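By convention here, the first residue in the shown sequence is residue 1. Since the model is a prediction, treat every value here as computed from it, not as a measurement.
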Amino acid sequence: MKITLLILTLNEIDGVKEIMPRVKNEWVDEIIIIDGNSTDGTFEYFESNGYTVFRQTGPGILSAYWQGFDAATGDVIIPFSPDGNSIPEAIPLLIAKMREGYDMVIASRYKGDAQSDDDDWLTGLGNRVFTKTVSILFKADYTDALVIYRAFRTELVDTLGFNKPKKALLFELPLSIRCAKLKLKVTEIPSSEPMRIGPGGSRAHPGFINKLKAGSIMLYIIFHEFIFWRREC
């Protein structure tokens with residue numbers, strides 16, 4: 001089983017300098033960075049330290065995802081945030097569970113003793129409500145259906161229809177939903193989410209209006225998937 005650690009960055013120099021030394025090369029088979037044209041030295045940091053780093057060629061985070069998926073050669077992909085939100089030491093735990101035969105393993109911020117220091121009251125409530133809604137509608141048992149930090153089989157990008165065509169509003173939420181709808185083998189491990197490192201603190205949809213917009217998009221995705229999505233192969 002070949003493992004790809006996929007890192008998406010945009011002006012994360014403070015975080016990457018602190019977090020990346022904790023990421024051990026022997027944990028994974030390749031580390032791929034898609035940088036959204038950072039201006040603070042993030043790209044240069046990865047380049048000077050010998051990482052495989054690409055300039056993002058299209059707009060938006062989903063474009064970065066597809067570019068990373070195309071570049072990845074692993075059987076399993078682990079999206080990882082080097083801004084401090086993702087705890088590096090959970091990487092071997094995710095891989096160990098994947099080796100047990102799971103299709104996806106989620107690093108849940110709300111399982112067991114895990115917690116999110118990056119949440120405020122609204123995002124914390126919203127994440128739990130949306131996750132509970134997904135679990136009820138799609139007969140799943142998630143504690144965190146929205147988190148970026150997870151491991152999944154690379155082939156799911158194609159078999160679950162994300163590349164037909166490469167259009168979506170979000171990736172993690174519909175991935176959780178489609179795995180549940182097809183009764184794929186999914187589990188979670190507890191993994192706390194520390195506060196983001198760097199200027200500005202949390203980037204979790206800053207501003208009340210932006211949070212409401214993000215919540216509206218999530219509700220749309222949940223009910224659109226519930227009503228319309230069908231497996232295409």
Side-chain angles (χ1 to χ4, degrees), residues 3-25 27-28 30-56 58-69 71-72 77-95 105-110 114-120 122-124 126-127 144-152 170-173 175 189-207 210-211 214 218:
I3 311 295
T4 297
L5 189 69
L6 177 59
I7 299 175
L8 311 181
T9 60
L10 175 59
N11 294 325
E12 306 287 0
I13 190 61
D14 294 328
V16 300
K17 284 183 175 179
E18 182 169 333
I19 296 298
M20 291 309 298
R22 293 165 54 189
V23 178
K24 308 304 181 185
N25 289 333
W27 288 345
V28 299
E30 65 179 4
I31 300 175
I32 291 176
I33 297 98
I34 308 297
D35 182 73
N37 300 296
S38 295
T39 58
D40 67 347
T42 298
F43 181 91
E44 291 77 12
Y45 171 91
F46 284 115
E47 191 174 46
S48 64
N49 282 277
Y51 290 99
T52 302
V53 55
F54 300 94
R55 296 280 191 188
Q56 186 173 332
I61 189 171
L62 289 175
S63 175
Y65 264 126
W66 306 140
Q67 189 175 343
F69 295 156
I77 293 176
I78 303 176
F80 179 80
S81 298
D83 59 3
N85 282 163
S86 301
I87 296 175
E89 290 74 19
I91 293 171
L93 303 179
L94 288 168
I95 295 170
V105 181
I106 296 172
S108 172
R109 298 164 290 182
Y110 311 116
Q115 61 182 19
S116 174
D117 296 327
D118 207 44
D119 277 340
D120 59 23
L122 184 57
T123 57
N127 288 341
D144 194 348
L146 284 73
V147 70
I148 290 173
Y149 201 14
R150 61 183 69 198
F152 58 89
L170 292 174
F171 177 69
E172 299 84 8
L173 177 57
L175 177 61
I189 63 169
S191 183
S192 291
E193 180 183 55
M195 182 65 71
R196 177 182 176 270
I197 300 166
S202 173
R203 282 187 175 177
H205 312 296
N210 285 335
K211 289 174 183 177
M218 292 176 191

Fill in the blank from the handout: Scanning both residues in full, the closest heavy-atom pair of Ala114 with Ser191 reads CB-N, 3.5 Å
Exercise for the section: To the nearest 0.5 Å, tell me how far Leu146 CG sits from Phe171 CZ. Expected result: 13.0 Å
Exercise for the section: Report yes if some heavy atom in the side chain of Phe43 is under 4.5 Å from a heavy atom in the side chain of Ile33; otherwise report no. Expected result: no
Exercise for the section: Could you pull out the closest heavy-atom pair between Ile78 and Ala151, with the gap in Å? Expected result: CG1-CB, 3.7 Å
Practice task
Taking all non-hydrogen atoms of both residues into account, name the closest pair between Asp144 and Ile106 and its distance.
Solution key: O-CG2, 3.4 Å
Fill in the blank from the handout: Tightest non-hydrogen contact, residues Val28 and Ile31, listed as CG2-CG1, 3.6 Å
Practice task
Answer yes or no: is there a side-chain heavy-atom contact under 4.5 Å between Glu193 and Asn85?
Solution key: yes
Handout entry: Between Glu12 and Tyr45: side-chain donor-acceptor atoms closer than 3.5 Å
Key = no
Handout entry: Flag, side chain of Ser48 to backbone of Glu44, donor-acceptor distance under 3.5 Å
Key = yes
Problem - Ser108 side chain near Val147 side chain, heavy-atom distance below 4.5 Å - result: no
Handout entry: Rounded distance [0.5 Å steps], OG in Ser81 versus CG in Leu8
Key = 7.5 Å
Practice task
Check the pair Tyr110, Asp119 against side-chain contact (heavy atoms from CB on, under 4.5 Å), reporting the backbone distance first and the verdict last.
Solution key: CA-CA 11 Å; Tyr110 311 116; Asp119 277 340; 2.6 Å; yes
Handout entry: Side-chain heavy atoms of Thr42 within contact of Leu10, under 4.5 Å
Key = no
Exercise for the section: May I have the step-by-step check of side-chain contact (heavy atoms from CB on, under 4.5 Å) for Ile34 and Tyr65, ending in yes or no? Expected result: CA-CA 8 Å; Ile34 308 297; Tyr65 264 126; over 6 Å; no
Practice task
Could you grab the distance from atom CD of Glu18 to atom CG of Asp83, nearest 0.5 Å is fine?
Solution key: 11.0 Å
Exercise for the section: Output the distance between atom CG (Leu170) and atom CD1 (Ile148), rounded to the nearest 0.5 Å. Expected result: 9.5 Å
Exercise for the section: For the residue pair Asp35 and Arg55, establish whether any side-chain heavy-atom pair is separated by less than 4.5 Å. Expected result: yes
Handout entry: Derivation and outcome, side-chain contact (heavy atoms from CB on, under 4.5 Å), residues Leu5 and Ile3
Key = CA-CA 7 Å; Leu5 189 69; Ile3 311 295; 5.9 Å; no
Handout entry: Least distance between heavy atoms, Glu89 atom then Arg22 atom
Key = OE1-NH2, 2.8 Å
Exercise for the section: Going by the side-chain contact (heavy atoms from CB on, under 4.5 Å) test, name the single residue among Thr9, Ile197, Val23, Ile13 that passes it with Pro82. Expected result: Thr9
Practice task
Please work out which of the three classes, parallel, tilted or perpendicular, describes the rings of Phe46 and Tyr51, given edges at 30° and 60°.
Solution key: perpendicular
Exercise for the section: Hey, could you give me the CH2/CD1 distance between Trp27 and Ile95, rounded to the nearest 0.5 Å? Expected result: 8.5 Å
Problem - Any donor-acceptor N/O pair, Asn11 side chain to Thr39 backbone, under 3.5 Å - result: yes
Practice task
Return yes if a side-chain donor-acceptor contact under 3.5 Å exists between Thr4 and Glu30, otherwise no.
Solution key: yes
Practice task
Mind listing the closest non-hydrogen atom pair of Pro88 and Ser86 along with its distance?
Solution key: CD-O, 3.3 Å
Problem - Check: Arg196 and Asp118 side chains under 4.5 Å, non-hydrogen atoms - result: yes
Exercise for the section: Report yes if some heavy atom in the side chain of Met218 is under 4.5 Å from a heavy atom in the side chain of Leu173; otherwise report no. Expected result: yes
Problem - Test item: Ile91 and Tyr149 side chains (from C-beta on) under 4.5 Å apart, heavy atoms - result: yes
